[in-house]
Undergrad: 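Questions regarding the structure given below will be posed in turn.
Index from 1, following the sequence. Since the model is a prediction, treat every value here as computed from it, not as a measurement.
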Amino acid sequence: MSNTNEERNNDSFIMLPTVDFCFKELMRNPKVRKGFIAAVLGKDPGTIRRTTLIPTELRKESAEDKLGILDVLIELEDGTNMNMEMQVTYFEYWTNRVLYYLSKIYTGQVKTGDPYDTVKPCIHVSILDFICFPEDAKCCRKIAFCDTETGKQYTDLMEIYILELKKLPPEDQNEKGVIRWMRFLGGKSREEFEDMAKKDEYIEEAYNELKRLSLDEQKRMEYELRQKAVRDYNTQIKSAEKRGEKSGEKRGRNEALKQVVGHMLDNGKNESEISSLIGCDLEEVMRLSEEWRQAKSNQM
């Protein structure tokens with residue numbers, strides 16, 4: 001790079017929270033965590049006394065591209081586990097994936113011999129920069145187990161919050177809570193962040209953290225590498241789809257998935273891991289694996 005550190009630090013660059021690396025770094029700040037969690041749960045920040053960030057490993061697609069979905073896992077004072085994920089590009093089986101990982105967090109609490117009354121609530125928060133529910137204009141929803149006839153909630157032990165940034169309504173000067181945070185997370189410029197920071201002390205802290213992160217050379221490098229990894233992965237998917245269409249496949253998507261599955265198999269992943277990573281049923285992944293192996297065998 002030709003830019004010096006000083007030049008980079010003095011430019012107008014600002015990290016965007018929709019990049020999952022940036023979102024995860026923001027959540028390392030206790031005050032930012034407190035403000036965002038309170039907004040999602042509809043509580044006063046003063047009632048959120050303790051949040052503990054639990055380390056999570058990067059789930060990788062392969063050893064080479066180091067691409068996986070970065071998540072944030074937090075434990076609240078009462079033992080509630082809250083898992084958060086930022087996802088920018090469309091993910092066809094996002095619902096399956098959310099249920100899979102939420103269930104793992106829930107069942108992971110119970111060790112051999114433990115009574116079931118030790119289980120604490122588990123909450124998943126999806127922050128999506130794509131439309132997940134095209135049938136309505138609702139940008140924020142809470143999903144829980146309930147009686148399908150009466151609507152009465154069955155339990156609060158597993159809950160899901162879906163925040164769709166693309167559905168945010170026109171800005172309202174009186175908006176607050178989770179809508180205000182969604183506006184911040186979907187921001188695209190310093191000017192937007194500065195304006196929002198004036199309205200809320202917790203968002204102001206988030207903006208100050210954004211500025212600190214953006215001035216950190218190492219963090220900026222990691223941010224840019226993360227952006228590149230996501231772009232490369234999306235390009236690979238689109239390219240594979242085009243190759244599938246050109247080769248006469250009736251379903252270009254099937255060919256694309258088969259090539260992605262094959263790439264992961266070649267990099268040491270098993271069918272179960274691939275199933276959870278790309279959001280496909282295990283049966284479909286096993287079928288694609290067999291087709292991939294057969295194709296490779298025929299080339300020999």
Undergrad: Answer yes or no: does atom CD of E149 have more than 12 heavy-atom neighbours from other residues, nucleotides or ligands under 6.0 Å?
TA: no
Undergrad: Under 4.5 Å between side-chain heavy atoms, counting indirect links through other Ile/Leu/Val/Met/Phe/Trp/Tyr residues: same cluster for V119 and I105 or not?
TA: no
Undergrad: Atom OG1 in T51, atom CD in E77: separation rounded to 0.5 Å?
TA: 10.0 Å
Undergrad: To the closest 0.5 Å, what do you measure between SG (C140) and CG (L165)?
TA: 10.5 Å
Undergrad: Between the main-chain N or O of S214 and the side-chain N or O of K219, is there a donor-acceptor pair closer than 3.5 Å?
TA: no
Undergrad: Report yes if the side chains of V32 and M27 come closer than 4.5 Å at any heavy-atom pair, otherwise no.
TA: yes
Undergrad: Does the side chain of N208 reach to within under 4.5 Å of the side chain of N29, using non-hydrogen atoms?
TA: no
Undergrad: Is any side-chain heavy atom of D200 closer than 4.5 Å to a side-chain heavy atom of K176?
TA: no
Undergrad: Is there side-chain contact between F184 and L26, with at least one heavy-atom pair below 4.5 Å?
TA: yes
Undergrad: Between atom CD1 of I131 and atom NZ of K166, what is the distance when rounded to the nearest 0.5 Å?
TA: 8.0 Å
Undergrad: Name the residue from M158, E159, R97 that meets the side-chain contact (heavy atoms from CB on, under 4.5 Å) definition with L102.
TA: M158
Undergrad: With distance as the sole criterion, is a donor-acceptor pair present between the side chains of D78 and T80 under 3.5 Å?
TA: yes
Undergrad: Tell me the closest heavy-atom pair linking G35 and W181, and the distance in Å.
TA: O-NE1, 3.5 Å
Undergrad: According to a 4.5 Å side-chain heavy-atom criterion applied to Ile, Leu, Val, Met, Phe, Trp and Tyr, with indirect links allowed, do L128 and Y93 form part of one hydrophobic cluster?
TA: yes
Undergrad: Might you work through the side-chain contact (heavy atoms from CB on, under 4.5 Å) test for L76 and L41, ending with a clear yes or no?
TA: CA-CA 12 Å; L76 304 186; L41 300 180; 4.2 Å; yes
Undergrad: Of all heavy-atom pairs between S126 and V98, which one has the smallest distance, and what is that distance?
TA: OG-CG2, 3.6 Å
Undergrad: Would K31 and E204 pass as an ion pair if we require N to O under 4.0 Å?
TA: no
Undergrad: Test side-chain contact (heavy atoms from CB on, under 4.5 Å) on R33 and I48; report intermediate values, then the result.
TA: CA-CA 10 Å; R33 279 202 308 273; I48 308 293; over 6 Å; no
Undergrad: Under the salt bridge (charged side-chain N to carboxylate O under 4.0 Å, His left out) criterion, do R141 and E164 qualify, and how do the steps go?
TA: CA-CA 9 Å; R141 71 188 72 224; E164 297 175 88; 3.7 Å; yes
Undergrad: Minimum heavy-atom separation for C22 and L16, please, with both atom names.
TA: CB-O, 3.3 Å
Undergrad: Does NZ belonging to K188 count more than 12 external heavy atoms closer than 6.0 Å?
TA: yes
Undergrad: Measure the shortest side-chain to side-chain distance between P45 and E201 over non-hydrogen atoms and say whether it is less than 4.5 angstrom.
TA: no
Undergrad: If I take atom NE2 from residue H124 and atom OH from residue Y100, how far apart are they, to the nearest 0.5 angstrom?
TA: 14.5 Å
Undergrad: If you take all heavy atoms of R180 and M196, which pair is closest and at what distance?
TA: O-SD, 4.4 Å
Undergrad: If you compare all heavy atoms of D136 against all heavy atoms of K167, which two are closest, and at what distance to 0.1 Å?
TA: O-NZ, 2.9 Å
Undergrad: I'd like to know whether NZ of K199 has more than 12 heavy-atom contacts from other residues, nucleotides or ligands below 6.0 angstrom.
TA: yes
Undergrad: Apply the test salt bridge (charged side-chain N to carboxylate O under 4.0 Å, His left out) to residues E205 and R212: give CA-CA distance (whole Å), side-chain angles for both, the deciding distance (0.1 Å), then the verdict.
TA: CA-CA 11 Å; E205 178 67 20; R212 286 192 288 269; 3.3 Å; yes
Undergrad: Show your reasoning for whether side-chain contact (heavy atoms from CB on, under 4.5 Å) applies to N81 and Q109.
TA: CA-CA 10 Å; N81 288 290; Q109 300 177 78; 3.8 Å; yes
Undergrad: More than 12 non-hydrogen atoms from neighbouring residues, nucleotides or ligands closer than 6.0 Å to CZ on F145, yes or no?
TA: no
Undergrad: Applying ring pair (Phe, Tyr, Trp, His ring centres under 6.0 Å), can you list everything that pairs with Y202, at least two apart in sequence or on another chain?
TA: none
Undergrad: Check whether any side-chain heavy atom of F36 lies under 4.5 Å from a side-chain heavy atom of I127, and answer yes or no.
TA: yes
Undergrad: Show your working on salt bridge (charged side-chain N to carboxylate O under 4.0 Å, His left out) between E290 and R287 and close with a plain yes or no.
TA: CA-CA 5 Å; E290 181 58 33; R287 175 182 62 79; over 6 Å; no
Undergrad: Flag yes if V72 and V88 sit in one hydrophobic cluster, no otherwise; membership is Ile, Leu, Val, Met, Phe, Trp, Tyr, and two members link when side-chain heavy atoms are under 4.5 Å apart.
TA: no
Undergrad: Looking at every heavy atom in both C139 and M182, which two are closest together, and how far apart are they?
TA: O-CE, 3.4 Å
Undergrad: Around R49, counting heavy atoms of other residues, nucleotides and ligands shown, do more than 12 lie under 6.0 Å from its CZ?
TA: no
Undergrad: Is there a continuous path of hydrophobic side-chain contacts, each under 4.5 Å between heavy atoms, that joins L99 to V110?
TA: yes
Undergrad: Can you name the residues that form a side-chain contact (heavy atoms from CB on, under 4.5 Å) with D44, not counting sequence neighbours?
TA: T47
Undergrad: How about R293 and L265: do any of their side-chain heavy atoms sit closer than 4.5 Å?
TA: yes
Undergrad: Please tell me if the side chains of F13 and R190 come closer than 4.5 Å, counting only heavy atoms from C-beta onward.
TA: no
Undergrad: When you look at OH of Y154, are more than 12 heavy atoms from neighbouring residues, nucleotides or ligands closer to it than 6.0 Å?
TA: no
Undergrad: Considering the options K228, M15, E25, which one meets the side-chain contact (heavy atoms from CB on, under 4.5 Å) requirement together with Y223?
TA: M15
Undergrad: Does I162 share a hydrophobic cluster with F130, counting links as ILVMFWY side-chain heavy atoms below 4.5 Å and allowing steps through other members?
TA: yes
Undergrad: Assess the residue pair D195 and E192 against the criterion (side-chain contact (heavy atoms from CB on, under 4.5 Å)); give the C-alpha distance rounded to whole Å, side-chain angles, the decisive distance to 0.1 Å, and a yes or no.
TA: CA-CA 5 Å; D195 184 56; E192 289 181 70; 5.9 Å; no
